Each structure stands twice: as C-alpha cells, then as structure tokens.
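Note that this is a predicted model, so its numbers are computed, not measured. Atoms within each ligand, like the ligands themselves, are counted from 1 in listed order. The figures here come from the full heavy-atom set of this structure, side chains too, leaving out hydrogens, waters and symmetry mates.
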Amino acid sequence: MNVYDAQRMVDTLQPHGFVETASADDADLVILNTCHIREKASEKVYSELGRLRVAKDEAARQGRRINVAVAGCVAQAEGAEIINRAPVVDVVVGPQSYHHLPELLARAERDGRALETEFPAEDKFAFLPPPKPDVIRARGISSFVTIQEGCDKFCTFCVVPYTRGSEVSRPAAKIIDDVKRLADNGVREITLIGQNVNAYHGEGPDGRIWSLGTLLRHLAEIRGIVRLRYSTSHPRDVDETLIEAHRDIRAVMPFVHLPVQSGSDRILSAMNRKHSADDYRRAVDRFRSVSQDIAFSSDFIVGFPGESEQDFQATLALVTQIGYAAAYSFKYSPRPGTPAADMQEMVSAEVMDERLARLQELIDSQQSAFNKAAIGTTVDVLFERAARNPGQIVGRTAYLQPAHVMAPETIIGRVLPVRIESLERYSLLGELATPLVAAGETMPAHISETRMGA
Ligand code: 5AD
Ligand code: SF4
C-alpha cells in the first residue's frame, strides 16, 4: 500500500509543478513514506533522516533548499517525536491526510514546519487527482488500487488499527472509474489492496453493499483488464461471493495471500486472531474445492510472547499440511501501544532466530518444489517489461513467478502461453508456446481480452 500511496502523493503534487526525480540528490522535496509494522522498518526512518540532513546542509551551502517530509505510518505514530528529534524534517503527514501535502508544504514555508496526523473527516480519495495518462503508461501494465483501508480486527501484535485507523471501504463506483482509467491507458492487471481487503463492503452503484467477490465480478468486465488480484485477506472474512469469484471468473488469479500467523490455537487466541488453525484449514479447503490450481501464500510470526516449542511445532505442521507456494515470516517485534507489547514471557532472541530459520527452511523447500513443478509445463504469462538481458522480456505467471522469454517488446501487455524449460533461482525461463501472428508483427494488445471475465 505504501507503493500505491507514494504514487498518489506524486499525483497530488504534480499539478503544483513537481515532477518525480530519479534520485533524491536532484529533488527540491524528499518524502519518506514510512512503515511502522515492525521495529526494523521504523528504525530505518531515523537513519535515512540522518543522511538527508547531510544532503540538506550541503544544498543549503549551495543556496538551494530541500524540503523533507515524513509520511506514512511512522509519521502517524511518532509525528511529535519526529518533529522534536529531527530538525531536518519540514512536514509530517499521516497516511489519511497526504492529500493535504500541497497545503502542508505551503504552511511549512510560512511557519517553518507543519504536522498533520489527524484522521480527517473527509475522504482523501475524493481529493486525490487522478494520475495523468502518460504517468499511468510510464508506471507499467500492472497497478495497485486501494479499495479498503484500516482494520477493526485488533490483533494484539499489530499497529495497523492505530496507524491506518478503522476499516473503511471505498464506494464501488469510484473503484470502477479508477480501474477504467487505468485500463484505458494500458494497465492489464489490477491488484486490489487493503489491510483487510476481503472485509470490503463498499456501496455499489445499485445502492446495495458490495462484497469483494461482487466487486471482482464487475471489474472483470472492464475492457482490457485480464488479471485481478487482491491483498491482504483475513481468514475470517472469506465469504461465499469470494469463493464463487474464484470459481467463475477467469481473470481472478488462483493465487491467494491468506495470512495465518501461527498454527497454534493457544497463540492464535493470544494474538486475538479470531480464528483457529482448523478455521484456517477450512478456509483453504473452500478455495481448493472450487479451483484445483489455486495456490496460497501466507504471513507468519515466530516468537510471539509465550510461544512454546509445541506451539511452534503446530505452525510447522500447518505449513506442511497446507503446502505454500510462497510465504513471509517475521520475528515478533513488540510495537508500542499494542496489547502484546505488555505481555510477559518474551521468547529469547536466540530461540526466535532458530525458529525463524527452521520455518524459512520449510517454506523455501515448498517454494522451490512449487517452482520446479512448473518446468516442462505450459503456463500463461502476462508480459510486463524488457528484462535486463537484451532481447528478453519478463512477465509473471498466475502465481507471480517471474518468467523470461526471448521475444519482441510488442508482447508487453499480453498474456501468452509459455513452455517453461528451466528455473534459475526464483525465475522461470522458457519459450513462447505459440508463434506470434507473423514475423515482426504481433496481435494487438486487446487480444488478451478474450481471457477476460467469466
Ligand atoms: N511483529 C512481527 N510481525 C508483524 N506483523 C505485523 N505486526 C507484526 C509484529 N508486531 C506481520 C504479520 C502481518 C504482516 C504484514 O506483518 O505477519 O501479516
Ligand atoms: Fe493487523 Fe491484519 Fe490483524 Fe488487522 S487483521 S490487526 S491489519 S494483522
């Protein structure tokens, strides 16, 4: 979501005369868009601010001013502290108020510094200017669209409900408009994003409340959109319309990111996850019952307070049982203001390291087995861009595996079958399985529309 928010900040500033620079050294304004989810992410902000202070001083000596803004969830959580600790910072802006960036910059110019970390009553999306057609094209054929923000689940380890605020769904008509504009300008794949994306319950143009499944159904009908994804889902909010979307809609990719965090019911309960390990298994089974080729990824936390070896074994058992195509795993990081931060029984750093290594080894072996299984098969690839190797084009399979082929750049934006020949680390290498229409000539991009919808 920070990638998406950063792009929207650029869109917000463009009408005010800003253009994006390739390097911070050339910039009049540097925005650090920050993450507060774990301590490591948070700490980066202060080391980066140290570097920026040197650049700012150097620019000042040359008579040039660099403004520094801190945006995102660290800004939200630690705004006042940033202002006190880092004189280099001119503007602090939280994730729900970055549409005010132009005013805040003007205020900083006038008063020296400006801070806004309120959750404004208005909806920021109503004030964000849409990206310009040339900007959309430059960003490529795959795009994020925020459909929902915030979270009301209050897992005991998590800062999101405090930094992003309570759960809000955008109206479906606005999302459809956004997706149409992106599709008209070359975007072929949309990833719908939200902290709790499958809790989506936005107002539909028909006056009813739409679920994520219903929204996916309507987005699949938009001309040019060939792939739809969504992230991140909560196991409790998997409803029938979402399962049906996977059953019926070809554009909905059979790859679901469904975080579980732990395989132990005792720990899941202490985490306030509101689901058991068996609830999770059942959610996975529901997806699998409608689509044979569906694959899963997940998030795991090791070393949550009180996690015993037995609890951890339950996590390993769950991973073994589900079989993931990919997964992210993290050491528990106490976050200020969350209930888990006050829990006793901290797991030692050594035990956390050791458990993380064991979990990652298991996940890596599942991921390589999943990737190896693609060798010798023919899979659909949506081509994204020229690869670093001259003549090669890189795209992604349904499971987000990068796939490289030798082909003309005209295939960018198209879904084509690829015969996979080998695997190099995480990348698949192969050949186009069908000849292009004629030498040097390819079918127009809209051919991929045949793959749309139910
Ligand atoms: N410590 C470690 N990992 C965390 N995550 C969220 N909060 C914490 C924390 N305090 C992980 C979860 C979540 C992912 C986005 O980050 O696994 O799904
Ligand atoms: Fe955080 Fe996800 Fe739990 Fe919400 S559901 S509190 S975003 S971990």
Side-chain angles (χ1 to χ4, degrees), residues 1-5 34-44 72-74 76-78 95-96 144 146-169 191 193-201 212 230-238 256-264 267-277 279-280 283 296-307 311-312 315 318-319 322 324 326-343 346-347 349 351-353 355-356 359-360 363:
M1 189 169 280
N2 271 10
V3 171
Y4 173 86
D5 284 342
T34 62
C35 177
H36 200 240
I37 198 88
R38 286 171 296 275
E39 196 179 356
K40 216 155 123 195
S42 243
E43 272 171 356
K44 279 192 202 156
C73 291
V74 179
Q76 186 64 40
E78 298 177 10
Q96 299 311 349
F144 293 123
T146 292
I147 65 165
Q148 173 284 328
E149 266 193 90
C151 184
D152 295 338
K153 294 279 190 299
F154 289 93
C155 299
T156 52
F157 53 80
C158 184
V159 287
V160 164
Y162 313 98
T163 54
R164 287 270 171 183
S166 59
E167 196 193 290
V168 177
S169 296
T191 304
I193 51 174
Q195 277 79 34
N196 219 181
V197 77
N198 61 331
Y200 178 79
H201 57 279
L212 176 60
Y230 55 90
S231 194
T232 291
S233 297
H234 192 285
R236 231 182 110 113
D237 294 325
V238 176
V256 177
H257 184 59
L258 196 64
V260 64
Q261 315 297 354
S262 168
S264 152
I267 295 298
L268 287 169
S269 163
M271 286 176 165
N272 189 32
R273 283 289 293 176
K274 304 179 167 75
H275 63 79
S276 65
D279 292 336
Y280 182 83
F296 293 88
S297 62
S298 190
D299 292 343
F300 295 91
I301 296 177
V302 302
F304 186 82
E307 185 190 69
D311 294 317
F312 178 65
T315 300
L318 181 90
V319 174
I322 302 287
Y324 288 100
Y328 304 92
S329 43
F330 311 102
K331 287 188 273 186
Y332 168 68
S333 165
R335 307 308 294 129
T338 59
D342 297 328
M343 290 180 189
M346 278 293 284
V347 174
V351 171
M352 269 204 227
D353 284 339
R355 285 183 191 162
L356 187 71
L359 177 59
Q360 288 187 338
I363 291 167

Report task. Check ligand 2 against His234 and write out every atom of the ligand that is under 4.0 Å from a heavy-atom position of the residue. Result -> 5 (S)
Requested in this report: Return the protein residues near ligand 1 (heavy atom under 4.0 Å from any of its atoms), ordered by chain and residue number.
Outcome: Ile37, Arg38, Phe157, Gln261, Asp299, Ile301, Phe330, Lys331, Tyr332, Ser333, Arg335
Report task. Can you establish whether the number of heavy atoms outside Phe154 located under 6.0 Å from its atom CZ is more than 12? Result -> yes
Report task. Indicate the atoms forming the closest heavy-atom contact of Leu318 with Ser262, along with that distance. Result -> CD2-O, 4.4 Å
Requested in this report: Return the number of protein N, O or S atoms with a distance to atom 1 (Fe) of ligand 2 smaller than 2.8 Å.
Outcome: 1
Report summary line: Val347 meets the side chain to side chain contact (heavy atoms under 4.5 Å, CB included) criterion, sequence neighbours left out, with Glu307, Val351, Met352, Arg355
Requested in this report: Using a 4.5 Å cut-off on heavy atoms from C-beta on, say whether the side chain of His257 contacts that of Asp299.
Outcome: yes
Query raised in the report: Going by the angle between their ring planes, with limits at 30° and 60°, are Tyr332 and Phe304 parallel, tilted or perpendicular?
Result: perpendicular
Query raised in the report: Are Pro235 and Val260 side-chain neighbours, meaning at least one heavy-atom pair lies under 4.5 Å?
Result: no
Report task. Indicate, with yes or no, if the rings of Phe157 and Phe330 have centres closer together than 6.0 Å. Result -> no
Report task. Please determine, by modelled atom types, if Glu149 and Gln96 share a side-chain donor-acceptor pair under 3.5 angstrom. Result -> yes
Report task. Identify whether the distance between the nearest side-chain nitrogen and carboxylate oxygen of Asp279 and Arg273 falls below 4.0 Å. Result -> no
Report task. Please identify each residue that fulfils ring pair (Phe, Tyr, Trp, His ring centres under 6.0 Å) with His201, with sequence neighbours left out. Result -> none
